[in-house]
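Worksheet for the structure shown next.
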Amino acid sequence: MNILILGSGGREHTLAWKLNQSKKLDKLFIAPGNAGTAQIGTNLNIDVNDFQSIKEAVLKYAIKMIIIGPEDPLVNGIHDFIVSDNELQQVAVIGPKKAGAQLEGSKDFSKQFMERHNIPTAKYKSFTNVTLEEGYQFLEELQAPYVLKADGLAAGKGVLILNSLEKARSELKEMLSNQKFGKASSKVVIEEFLDGIEMSCFVLTDGKNYISLPNAKDYKRIGEADTGLNTGGMGAISPVPFADATFLKKVEERIIKPTINGLQKDNIDYQGFIFIGLIKVNNEPLVIEYNVRLGDPETEVIIPRLKTDLLDIFIATAEQKLDTITIEFDKRSVTTVMLVSGGYPEAYQKGKEISGIEAVKSSIVFHAGTIRKEDKTVSNGGRVIAVTSFGETIEEALEQSYESIENIKFGDMYYRKDIGFDLI
Ligand code: AMP
Ligand code: GLY
């Protein structure tokens with residue numbers, strides 16, 4: 001079977017690495033991919049939102065399944081585009097249609113979904129420019145810190161957590177009246193601040209059945225001890241030690257099952273991943289957000305733990321037969337540490353030559369922002385390389401990742417030396 005993966009990050013390299021182990025795989029294509037995916041399959045120089053070019057590639061290379069990495073093309077309706085095209089109808093898509101992708105594409109939609117299906121989450125209300133005054137009133141009812149969320153996709157920057165009422169009021173106005181996040185903030189969700197510890201769980205559903213993947217915790221801030229600006233993620237660990245069996249049972253009964261049943265009740269046909277961002281408050285799980293894809297760098301720790309053939313799992317998803325699959329996971333701990341370009345998540349330089357990857361023997365090196373240029377691998381993004389390791393404990397896995405990193409070098413390379421610091 002010929003497969004196309006859309007995306008270019010560490011998540012997509014990890015998926016490519018895993019699918020490449022399947023006997024059922026014939027040819028693997030990645031669009032646009034990175035220097036890591038180029039070693040496993042064929043990179044196609046196509047933007048993930050250029051549906052027409054994707055169609056041409058699917059026909060040209062006889063692709064039978066497309067796996068969508070990032071949220072953008074899903075929210076833009078790539079799945080709907082493929083199933084409504086006569087020439088593409090037989091192509092399987094892993095990733096929800098536009099209606100399901102709204103779980104990530106609209107915070108207001110996802111909050112209404114949770115409310116409708118009794119899924120625990122922070123108390124909230126949504127406002128537009130017309131209801132700005134009511135937004136101010138709602139802020140008065142809450143206590144600091146105040147959580148303001150742009151309704152639409154804002155490249156991970158649309159959530160503001162503000163310590164004073166005055167600042168919350170001015171930011172609300174900036175978002176609604178002055179389009180701080182463009183169209184994405186024409187509606188704003190204001191919600192109660194939840195104080196707890198965050199983690200993520202991952203589910204794959206075929207629209208009827210679901211399987212749970214391992215849980216993970218990522219480290220979003222650029223600075224050690226979780227300080228500084230938010231990034232896409234600087235590292236991750238799996239499994240999460242504070243998620244014991246009792247807690248995970250609550251997650252399954254109160255969150256995962258009602259989410260899957262809720263999609264069915266709402267007639268939202270969904271084949272793909274659901275990434276549930278959770279917060280544990282007084283031992284109880286609440287949903288912070290839904291994403292309609294796998295996380296990055298969470299994928300770099302959960303997929304290596306998967307022992308089952310990933311292509312078998314995807315085929316079962318497309319055929320709505322996930323109930324026939326038994327999945328197995330490696331019980332060991334896995335960690336990943338991201339090597340990033342100095343300056344990230346603000347301005348940084350690209351094109352730095354990367355050396356030493358081949359010297360890493362005891363970790364898996366997943367490429368993120370990398371590209372091949374004149375026989376060299378050079379940096380091509382903020383997050384450049386993820387170094388994934390196994391261990392009997394988180395400590396052991398981390399030690400291995402940090403030892404492996406010693407081999408890798410590129411100009412202005414930066415990484416956090418304290419991934420997992422709060423759990424050890
Ligand atoms: P989101 O894009 O909704 O995941 O929000 C980004 C980040 O903001 C989350 O990972 C949390 O760290 C934080 N956050 C979002 N909502 C809340 C909330 N209600 N209470 C506390 N922190 C929150
Ligand atoms: N690591 C967080 C995300 O992928 O959204």
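When a ligand or atom number is given, it counts from 1 through the structure's own listing order. Since we're looking at a predicted model, the values are computed, not measured.
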Lys/Arg N to Asp/Glu carboxylate O, K107 vs E191, below 4.0 Å: no

Any donor-acceptor N/O pair, T231 side chain to G233 backbone, under 3.5 Å: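 Checking the backbone N and O of G233 against the side chain of T231, a donor-acceptor pair under 3.5 Å is found.
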
R11 side chain to E300 backbone, donor-acceptor under 3.5 Å: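 No, the answer is negative, given that no donor and acceptor are paired below the 3.5 Å cut-off.
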
Results of ring pair (Phe, Tyr, Trp, His ring centres under 6.0 Å) for H13 - residues two or more places apart only: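 With sequence neighbours excluded, H13 shows a ring pair (Phe, Tyr, Trp, His ring centres under 6.0 Å) to F366, H367, given in chain and number order.
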
Sequence-distant partners of F109, ring pair (Phe, Tyr, Trp, His ring centres under 6.0 Å), two or more places apart: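 Here no residue qualifies.
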
Distance (rounded to the nearest 0.5 Å) between D269 CG and D206 CG: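 Taking CG in D269 and CG in D206, the distance rounds to 9.5 Å.
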
Euclidean distance, I30 CD1 relative to S8 OG, rounded to 0.5 Å: 11.0 Å

Identified side chain to side chain donor-acceptor pair (under 3.5 Å) counterpart of K187 within the set T131, D108, D151, T128: D108

Shell of residues surrounding ligand 2, defined by a 4.0 angstrom heavy-atom cut-off that is strict: D218, G232, F275, R293, G295, D296, P297, E298

side-chain contact (heavy atoms from CB on, under 4.5 Å), paired with T299, selected from T336, T388, T14, L213: T14

Under 4.0 Å from ligand 1 - residues by heavy atom, chain and number: K107, A122, V147, K149, V159, I161, E191, E192, F193, L194, E198, K220, I288, E289

